[in-house]
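One structure below.
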Amino acid sequence: MNQWDMNNDIERVLYSEKDIAEAAKRVGSQLAADYEGRTPVILSVLKGAVLWTVDVMRYMQYAEVEFIDVSSYHGGIASAGEVDLVVDLQTDIAGRDIIIMEDIVDTGRSLQFMKDLLEARGAKSVKVASLLDKKDGRVVEAHVDYVGFDVPKAFVVGYGLDYKQLYRNLPYVGVLKPSVYNPEHAGLVDTTDITPEH
Ligand code: IMP
């Protein structure tokens, strides 16, 4: 077995590359139909939603793309509660139809923060298309209009989703082995204190 292989860190695959490609086609085609005659602004949330964004937008028609980065995780596996605006979008969105592209909606805090921001700036409409919807994780009310998959309450990585900035480039979504974020499980001496919340 090649030790320098990220696949070894994955306990099980939840959504394969093929499953995700089908979901991107389904959501992108639905968006194309729903936004016919309009030119929405796709707002891709860095960094996790980049792969999902490019795959979904291939099925859409006229659309602009912008990026935003909000952070609530700070590199661990549990949400910190506060949301920071890390990278702001670079265009005036007053009067525009916005589609927020998310990798995953968990507590809903990031989404609520972005929706409030966009509404305060005069967006005409705001809809959400998320690869994953972790409904059981909700702390605040947050509705996802276009869902790739309803995901159980587990910490997942791949296809944009990271753990400590890694695994984003896996082509599928999977559950990380607990030994990766809790080295005690693997019998290693590293005592990094990260307690799983999910
Ligand atoms: P929320 O604000 O709690 O809804 O969290 C949204 C953000 O948390 C996502 O955009 C992800 O960056 C991160 N996140 C939530 N759950 C997971 C997970 O299972 N794996 C990786 N990142 C996650």
How would you list, by chain and number, every residue that makes a side chain to side chain donor-acceptor pair (under 3.5 Å) with [X], sequence neighbours excluded?
X      : value
Ser125 : Asp97
Asp19  : Ser16
Asp5   : Asn7
Ser44  : Thr53

Nearest 0.5 angstrom please: [X] [atom1] to [Y] [atom2], how far?
X      : Y      : atom1 : atom2 : result
Leu85  : Phe113 : CG    : CZ    : 5.0 Å
Glu141 : Leu111 : CD    : CG    : 11.0 Å
Asn8   : Asn2   : CG    : CG    : 7.5 Å
Leu161 : Leu166 : CG    : CG    : 13.0 Å
Asp55  : Glu17  : CG    : CD    : 9.5 Å

- Note on the structure: Residues at least two apart in sequence or cross-chain that pass ring-ring contact (aromatic ring centres under 6.0 Å, His included) with Phe149, listed by chain then number, are Tyr15
- Item | Set of ring-ring contact (aromatic ring centres under 6.0 Å, His included) partners for Tyr35, sequence neighbours left out | none
- Query: So, Asp133 and Arg138, do they make that salt bridge, N to O below 4.0 Å?
  - Reply: yes
- Is Val180 close to Tyr163 at the side-chain level, that is, under 4.5 Å between some pair of heavy atoms? yes
- Query: Going only through I, L, V, M, F, W and Y residues with side-chain contacts under 4.5 Å, is there a path from Phe155 to Trp52?
  - Reply: no
- Message: Looking at Lys177, I want to see if its NZ is surrounded by more than 12 non-hydrogen atoms of other residues, nucleotides or ligands under 6.0 Å.
- Response: yes
For [range], which residue pairs qualify under salt bridge (charged side-chain N to carboxylate O under 4.0 Å, His left out), counting only residues two or more places apart or in two chains?
range          : value
residues 22-34 : Lys18-Glu22
residues 59-70 : Glu64-Arg96
residues 85-94 : Asp88-Arg121

Name all residues meeting the salt bridge (Lys or Arg N to Asp or Glu O under 4.0 Å) criterion together with [X]; count only those two or more places apart in sequence or in a different chain, and write none if there are none.
X      : answer
Glu11  : none
Asp9   : none
Asp150 : Lys135

